[in-house]
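What follows is a set of notes on a single structure, which appears directly below.
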Amino acid sequence: MKLQLLLVCFFYVLLSVPAQSRRSHRKFKPRFNFGKQHEHLNVIDDKIDDDADEDDVDAEWVFKMQEPDGQCNPNPCLNNGVCMERGSRNFRCDCPAPFKGKRCQKGPRVCRRGTCGRGDCVITSTAPFYECKCNEPFQPPNCRQAAEVCQNNPCKNGGTCVPDGTDFRCDCSEGFEGRFCHVGPNDCYEGDGESYRGNVSEAQNGVQCLYWNSHFILRTGTNPFTVFEDPDGLGPHNFCRNPDGDRQPWCFIRRGRRVQWEYCNVRKCSTEAGSTVPPVPTSTDDLSPSQFSTCGKPQPMRLASRIYGGLKSVPGAIPWQLSLQVNTRGQNYRHICGGALIDSCWALTAAHCISRNSDMVVVLGGLTLDSDEPAEQIIEVERAIVHNGYDSDSLSNDIALLKLKATNGVCARETRFVKAACLPDTALPYGKECTVSGWGATEESNSGSSHLLEAEVLLINSNTCSRPSVLGNTLDDGMICAGYLEGGVDSCQGDSGGPLTCDNNGTHVVYGLVSWGYGCALRNKPGVYTRVLHFLNWIRINMVA
Ligand code: ARG
């Protein structure tokens with residue numbers, strides 16, 4: 001049966017799109033076409049906002065992902081709720097009005113089906129606790145009636161409104177742009193755009209950004225005003241911002257029933273061109289070329305946005321994560337697996353990721369597969385050492401060491417974005433929350449995520465995992481399972497070989513490597529990982545070569 005799984009993985013490998021050719025996949029998202037099919041004074045049907053009733057289910061689901069074990073750290077209360085410990089295992093959230101629920105996740109059910117007709121229902125803190133942001137030419141208060149096109153000139157900064165059937169366009173005055181001419185000539189971002197406070201509200205694919213207080217975002221359990229590192233620039237608007245240390249301003253967009261994020265169509269200020277070079281590594285000078293000064297210490301963790309089962313990783317949070325890429329018969333390199341850097345010239349991955357007769361490189365320090373990033377280091381794999389007990393049928397001993405090729409005596413350079421994880425030296429308790437990361441398949445995309453995602457999973461006792469109703473008699477001593485028996489959060493195809501890291505008193509150890517699973521995120525089918533602790537001797541012996 002596991003052979004079938006392996007075939008599935010192998011199939012994924014064959015199907016995976018060359019990393020370079022995925023560069024533009026986001027551009028094909030459809031444009032919303034506000035108001036196009038509707039005559040003016042048209043009353044719209046109820047289907048537009050048909051998912052409001054799922055609020056609670058979604059919120060609960062996201063919280064399970066980060067079950068805090070009764071602690072107040074991290075704060076389990078949403079929407080600015082204040083957490084209070086109750087005994088050693090429980091907590092209580094004091095919720096500000098109008099929020100309720102164990103974790104203040106239940107907002108007022110003000111944004112219901114059709115509440116805001118052709119518009120976005122945004123949550124406010126004063127009664128009636130919502131406001132409708134209408135899509136032109138639909139009108140407040142409920143965005144159900146459309147004014148005559150161009151009747152209330154929607155174009156800003158002296159722009160002229162030109163009717164175009166039932167839609168319109170704005171002819172902007174010199175220097176202004178955007179659908180509503182709301183983007184001025186000096187509207188650009190510096191550096192990574194953390195300080196950007198401009199007016200661009202359109203994603204790179206042309207889709208209008210959601211308001212930061214849109215109920216579509218809040219109902220996923222993510223409150224942008226509380227989860228991000230620097231929510232200062234956020235407000236009851238839909239302008240692009242960079243509150244989480246990403247590389248440029250971005251925003252949430254809605255696609256059907258889902259909320260996604262996307263980089264924005266915002267210009268980088270030209271004086272800044274070329275100044276995005278990452279900081280020069282400082283700490284390698286007095287080291288021998290093949291060794292890093294530390295392991296297991298990520299950049300101080302910044303809060304990430306929570307999107308479905310995965311978290312969008314921020315730069316430096318998982319600096320040991322690598323993308324293993326192969327090139328068969330002279331094609332472009334493409335991502336096939338993850339891996340974990342354990343020293344300047346050494347990385348771990350899964351044995352089933354190694355294919356003979358293809359050139360391999362590892363890409364370190366990058367977050368996105370579809371764009372070149374300044375912090376990226378691309379290093380050739382000199383040699384892959386596959387465990388000689390690896391069995392492609394049972395996936396026993398699914399581990400391989402990658403020896404990286406040195407250039408001028410240096411393999412990976414230690415930077416803010418590239419660091420090694422430590423090897424574990426002790427068994428960790430079941431129930432411990434660890435982090436799995438990768439570019440593998442998500443509930444949104446079978447072909448994988450272009451942005452590195454991470455998710456919290458729990459280490460599960462092998463006895464529990466070997467129950468007939470769970471994975472049965474399929475695990476050996478070199479495997480450990482992790483995830484949630486209720487399903488929902490898991491690694492998946494394309495994550496293989498990637499790290500399952502656990503924070504052991506402030507040091508991150510690579511406790512597992514993504515190996516296999518029955519489907520992904522299914523109930524009673526947690527993911528199975530190579531138990532790195534079981535292979536310490538093998539790793540030490542082979543790393544000397
Ligand atoms: N074999 C897969 C790969 O090559 C990894 C599958 C992990 N599955 C899971 N449910 N955790 O990418």
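Both ligands and their constituent atoms are indexed starting at 1 by order of listing. Bear in mind that the values here come from a model prediction, so they are computed numbers and not experimental data.
Ligand 1 lies less than 4.0 angstrom from a heavy atom belonging to Gly519.
Remark: ligand 1 atoms within the under-4.0 Å shell around heavy atoms of Asp490 are 9 (C), 10 (N), 11 (N). Residue-ligand proximity, Gly527 to ligand 1, at heavy-atom distances under 4.0 Å covers atoms 11 (N). Near Val514, the atoms of ligand 1 lying under 4.0 angstrom from a non-hydrogen atom of the residue are 5 (C), 7 (C). If you number the atoms of ligand 1 from 1 as listed, the ones under 4.0 Å from a heavy atom of Gly517 come out as 8 (N), 9 (C), 10 (N).
Using modelled atom types, one side-chain atom of Ser358 and one backbone atom of Ser355 make a donor-acceptor pair closer than 3.5 Å.
For Ala350, no heavy-atom contact with ligand 1 is shorter than 4.0 Å. Contacts between His352 and ligand 1, counted as non-hydrogen atom pairs separated by less than 4.0 Å, involve the side chain only. Residue contacts with ligand 1, taken as heavy atom pairs separated by less than 4.0 Å, involve Asp495 solely via the backbone atoms N, CA, C and O.
A distance below 2.5 Å between sulfur gamma atoms is not met by Cys264 and Cys209. Cysteines Cys240 and Cys251 have SG atoms no closer than 2.5 angstrom.
Classified by interplanar angle (parallel below 30°, tilted 30° to 60°, perpendicular above 60°), the ring pair His335/Trp439 is perpendicular. Using the six-membered ring where Trp is involved, Trp212 and Trp250 have ring planes that are perpendicular, over 60° apart on the 30 and 60° scheme.
In this structure Thr407 satisfies the side chain to side chain donor-acceptor pair (under 3.5 Å) test with no other residue, sequence neighbours excluded.
Residue Cys520 has no N or O atom closer than 3.5 Å to an N or O atom of ligand 1. Distances between N or O atoms of Ser515 and those of ligand 1 include at least one value under 3.5 Å. Of the N or O atoms in Gly494, one or more lie within a sub-3.5 Å distance of an N or O in ligand 1. Residue Ser496 has at least one nitrogen or oxygen atom sitting less than 3.5 Å from a nitrogen or oxygen atom of ligand 1, judged on distance alone.
Arg86 forms no cation-pi arrangement with Phe91, by the criterion of a distance under 6.0 Å to the ring centre and an angle within 45° of the ring axis.
For Lys405 and Glu382, the salt-bridge test fails: no basic side-chain N is under 4.0 Å from an acidic carboxylate O.
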